[in-house]
2 protein chains.
Amino acid sequence: MTGTGNKGVHENQALNERARIVLQSIIENYIEFSEPVGSRTLSKSIEFKLSPATIRNIMSDLAESGFLIQTHTSAGRVPTDKAYRFYVNSLSEPTTVPDQIKQKFSPVSNGRGSQVEHILAETVHLLADLTKFACVVSTPKAEVSRLQRIELIKISEDRILVILVTKAGVVRDKIIFVKESHSQEFLNSVTAFLNEEFKNHSMQEIRDGIHQSIVSDRHRYHDLLAHAVRLGKKAFDLNQPGEMFIEGQMNLLLDSHFHEQSSVRSLIDAFDQKTALLKILDESMKHKGVHIFIGIENDYKQLQRCSLITASYRNKKNVLGSIGVVGPTSMNYKHIISTVDYTAKLLSKTISEQSYD
Amino acid sequence: MTGTGNKGVHENQALNERARIVLQSIIENYIEFSEPVGSRTLSKSIEFKLSPATIRNIMSDLAESGFLIQTHTSAGRVPTDKAYRFYVNSLSEPTTVPDQIKQKFSPVSNGRGSQVEHILAETVHLLADLTKFACVVSTPKAEVSRLQRIELIKISEDRILVILVTKAGVVRDKIIFVKESHSQEFLNSVTAFLNEEFKNHSMQEIRDGIHQSIVSDRHRYHDLLAHAVRLGKKAFDLNQPGEMFIEGQMNLLLDSHFHEQSSVRSLIDAFDQKTALLKILDESMKHKGVHIFIGIENDYKQLQRCSLITASYRNKKNVLGSIGVVGPTSMNYKHIISTVDYTAKLLSKTISEQSYD
DNA sequence: TATTAGCACTCGTTAATGAATAGTGCTAAT
DNA sequence: ATTAGCACTATTCATTAACGAGTGCTAATA
């Protein structure tokens, strides 16, 4: 006894076997029915045959330890974020998804020769359909991918259209402004030079190395050089904010857990501005496998009534971006985690086949 | 008297002055407060000083003519789609939008050198913010725009990446499959040929004329010819389904007019599948100026509890796509119509400046 | 003849009431 | 250590009654 007054359950201490089972039972029941669960109902459904009174004692302890809360005196108990975290940690690896779900993906993964953006859009659309929650996917970061080809196209005296094709199969375009006018022929020379020099290098490498690389080749390029440096610098300096596709936002507003005015507004704001979601997806790119943010575990107030399940996707050589599902903290974690895991892996596979190396 | 039993108001007949004012008053009141309006409240707010009893008679007539309905016996009257149509028709040209709204657009319209897609995304985002409804914009149809440049990039033995740049500033890419492998050098020749031959022609023209044009030049191109025809056909045959950006869908679900379960579901479906919205935007491209679909006036059941305000946008030479706002039939038409009108014109101006001719 | 006052009537909203229900916490018995 | 029993609390649900907003009709009025 540490003097906190708890009988069998302490803060920051492993729960005993029975408490674990009770807690898990409560969580699963709440996930299924979205209603506070009481000792009576629990004593029926639990495998361990315990009387309501005993369960009440356990529940009381769990409440004291912060795993459960009551909405009011005579209501059942509802799991807290801490409880969901316990529950998720206790889950084993993602279960395999049923064949009928796998079949839904087959048109996406078989669509050879599609643009990456198209694959992403289809995937997130399907994911939203399967989960009935809001789903997001970030487009591949150009930075991490390697160069397949660059094109410079003159579109006016002071504007050049830059088109970058990455090995991952992503086409990015931007317009750069120049002070002096260049002929298309001249641009073709620069293009040829840049392609020869930088094909298969990552954008990051190119940006870091563009100066010295060109300098070392000085003998081969004469007046081309100065311009190539300048154009190349501009062309490869694409710190675009990163894009994402969102689907199924409206599903969230239908969910009973978001029927309160206040939480709805902040949710809408979050999906409106997108920055919070993008940051979370970016963060998730650093980890392997499925990443889970439960309620307050993510840093963005607007989303702290939600749980986010994310997973990164990649081609053969690089992590490119990530996908995510946003739902209520009482989501069916088993189902969602498995689905996200499967989707991310399949997406990785599909995109790897599309990649140009 | 035609024997229908109506006193002063007939189906398919112009309303008399007084009935018009009463109807307009009811509509504007309902637009403002979203609640059935009764004879009492109306007799206070109306400029014509009439007693509630008189107004009741007029309202009764209007109800008989299909302009008003009652939700139940002792409730006030609510305008029908027919009433909104009358109201909208009676509006004069779009009013000018306030300066403070114009200022919000200035960062968008001043962002020179942005990709067209980016401009569209910003615009629809802002429109959603201004209207607090769901807003859509269709991306420029490649078909109607003229060719600025085409690039063919070899990415594997049997795949070629086609990049089309249109005069409108849109970059489109797709992958085509070929049976025989071509060297990049060979593709460069084909590219040069296609660019020389078809620059400034519309995709439609190119597709129609590609065969004869090449045949007539037979003397200049030898074995290139057969391949160029084949590749060109594939490259320019882009019947992509057309894309769109959507913003502010969630706003709709907050609106009190969509709180019934049934209508919510069909709304979500409509935004999920997008086809209905795309068709409506396509349709709107054929008309000049603002186009208004009130309730049942559009052909898609899922959207028949909404009104849609659309307007096409264009560059100097062609209509490219259109924008639209989706809201309840009781939206503030004056405000929305003006805003859509202004937005479309500004978008046209901005994109014209971006265009490459 | 057009307008209005007056009145009976309908229906929805609201508040109050009470019974039923689902839950808890505590205590004493097992 | 477990459980039965009991007092207690809060929500939900159905019932009721009062109220209000609104209509339609009729008769009086300008």
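Chain identifiers are assigned alphabetically (A, B, ...) following the order of the sequence lines, protein sequences preceding nucleic acid strands; residue numbering begins at 1 within each chain.
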Novice: Chain B on DNA chain C: first and last contacting nucleotide, 5' to 3', under 4.0 Å to a heavy atom?
Specialist: C/dT3 to C/dG12
Novice: Before accepting this row, confirm whether a basic side-chain N of the pair B/Glu297/B/Arg305 lies closer than 4.0 Å to the acidic partner's carboxylate O.
Specialist: no
Novice: May I ask you to decide whether B/Lys104 forms a salt bridge with B/Asp129, counting only side-chain N to carboxylate O separations under 4.0 Å?
Specialist: yes
Novice: How long is the span from the NZ atom in A/Lys279 to the OH atom in A/Tyr300, to the nearest 0.5 Å?
Specialist: 4.5 Å
Novice: Find the distance B/Leu68:CG to D/dT23:P and express it as a whole number of Å.
Specialist: 10 Å
Novice: What's the CG-P distance between B/Leu62 and D/dT23, to the nearest Å?
Specialist: 12 Å
Novice: If I take atom CD in residue A/Gln70 and atom C1' in nucleotide D/dA10, what distance separates them, rounded to the nearest angstrom?
Specialist: 11 Å
Novice: Are any side-chain N or O atoms of A/Ser307 and backbone N or O atoms of A/Gly327, one a donor and one an acceptor, separated by less than 3.5 Å?
Specialist: no
Novice: Please examine the side chains of A/Thr329 and A/Asp81, heavy atoms only from C-beta on, and report whether any two atoms are closer than 4.5 Å.
Specialist: yes
Novice: Could you say whether A/Arg56 or B/Lys49 is positioned toward the 5' end of DNA chain C, judged by the nucleotide with the nearest heavy atom to each?
Specialist: B/Lys49
Novice: For A/Arg77 and D/dT9, what is the distance between atoms CZ and C1' respectively, to the nearest whole Å?
Specialist: 14 Å
Novice: Report yes if the distance between the aromatic ring centroids of B/Tyr333 and B/His335 is under 6.0 Å, otherwise no.
Specialist: no
Novice: Within the structure, does a side-chain N or O atom of B/Thr73 lie under 4.0 Å from either OP1 or OP2 of D/dG22?
Specialist: no
Novice: Using whole Å, report how far CG of A/Asn57 lies from P of D/dT2.
Specialist: 9 Å
Novice: Can you tell me how far C1' of D/dT23 sits from CG of B/Asp61, to the nearest Å?
Specialist: 14 Å
Novice: Please write out each protein N/O paired with an N/O of nucleotides 19-21 of chain D under 3.5 Å, distance rounded to 0.1 Å.
Specialist:
none

Novice: Please list every donor-acceptor pair under 3.5 Å in which a side-chain atom of residues 22-32 of chain B meets a protein atom from a residue at least two apart or in another chain.
Specialist:
residue	atom	partner	partner atom	Å
B/Glu28	OE2	B/Tyr87	OH	3.1

Novice: Is there a side-chain contact between A/Thr54 and the phosphate of D/dT3, meaning an N or O under 4.0 Å from OP1 or OP2?
Specialist: yes
Novice: Report the secondary structure of DNA chain C in dot-bracket form, marking unpaired bases with a dot and bases paired to a different strand with |, and treating Watson-Crick or G-U pairs with both distances under 3.5 Å as paired.
Specialist: ||||||||||||||||||||||||||||||
Novice: Would you check if the side chain of B/Thr54 reaches a backbone N or O of B/Leu50 as a donor-acceptor pair within less than 3.5 Å?
Specialist: no
Novice: Under 3.5 Å, side-chain donor or acceptor atoms of residues 92-100 of chain A against the rest of the protein: list the pairs with distances, not counting sequence neighbours.
Specialist:
residue	atom	partner	partner atom	Å
A/Thr95	OG1	A/Ser338	OG	2.8

Novice: Check residues 248-257 of chain A and write down every donor-acceptor pair under 3.5 Å in which the side-chain atom is one partner and the other belongs to a residue at least two apart or another chain.
Specialist:
residue	atom	partner	partner atom	Å
A/Gln249	OE1	B/Gln249	NE2	3.3
A/Gln249	NE2	B/Gln249	OE1	3.2
A/Asp255	OD1	A/His257	N	2.8
A/His257	NE2	A/Ser34	OG	3.0
A/His257	NE2	A/Ser330	OG	2.9

Novice: For B/Met59 and D/dG22, give me the distance from atom CE to atom P, rounded to whole Å.
Specialist: 9 Å
Novice: For a 4.5 angstrom cut-off between non-hydrogen side-chain atoms, does B/Leu308 reach B/Ile292?
Specialist: no
